[in-house]
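Shown next, in structure tokens, is the structure this report addresses.
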Amino acid sequence: MRARAAGSGRLLVKLFHPSWRLRAGESFTYLDPEARARDLSGSAIPVTIVQGDLDTRVPPAHASRLAAALGADVLTVEGAAHREILGRPEVHREIVRFVKAIAV
């Protein structure tokens, strides 16, 4: 089952690869996370970024750039890779803290 899921993921990546959007004449501006973050900056939408310091899929430098564009904080989770973040107690505490801080 796991191999099948991985194969399906590869197929989806190929089907929705950005080159298809280019061929269709669509803009790539929506693919720029920093630009989207700047669009949100100063809005009423609260944001916090959680980043594992061992993440190799989304490097910590990306989190720093997004945080700067948003004016948001980054919670760096020591010793955590990409898929380990949500299982960490400190992340659970941060989520609760964040939700309580924005609760009206």
Atom pair CD1 (Ile49) and CD (Glu94), whose distance is rounded to the nearest 0.5 Å: 11.5 Å
Which residues pass the side chain to side chain contact (heavy atoms under 4.5 Å, CB included) test with [X], not counting sequence neighbours?
X	answer
Pro46	Phe98, Ile102
Ile95	Val91, Val99
Asp53	Thr76, Glu78

Listed partners of His82 passing side chain to side chain donor-acceptor pair (under 3.5 Å), at least two apart: Asp55
Matching residue for Gln51 among Ile85, Val74, Leu66 - test: side-chain contact (heavy atoms from CB on, under 4.5 Å):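 Output: one option passes, namely Val74.
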Nearest heavy-atom neighbours spanning Gly52 and Pro60: O-CG, 3.8 Å
Partner residues of Glu90 under the salt bridge (Lys or Arg N to Asp or Glu O under 4.0 Å) criterion, sequence neighbours left out: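 Applying salt bridge (Lys or Arg N to Asp or Glu O under 4.0 Å) to Glu90 gives Arg88.
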Pairs satisfying salt bridge (Lys or Arg N to Asp or Glu O under 4.0 Å), at least one member in residues 61-71, at least two apart: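 Of all non-adjacent pairs touching residues 61-71, those that pass salt bridge (Lys or Arg N to Asp or Glu O under 4.0 Å) are Glu34-Arg65.
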Heavy-atom neighbours of Leu86 CG exceed 12 at 6.0 Å: no
Intermediate values then yes/no, side chain to side chain contact (heavy atoms under 4.5 Å, CB included), Val50 and Val77: CA-CA 7 Å; Val50 179; Val77 182; 3.9 Å; yes
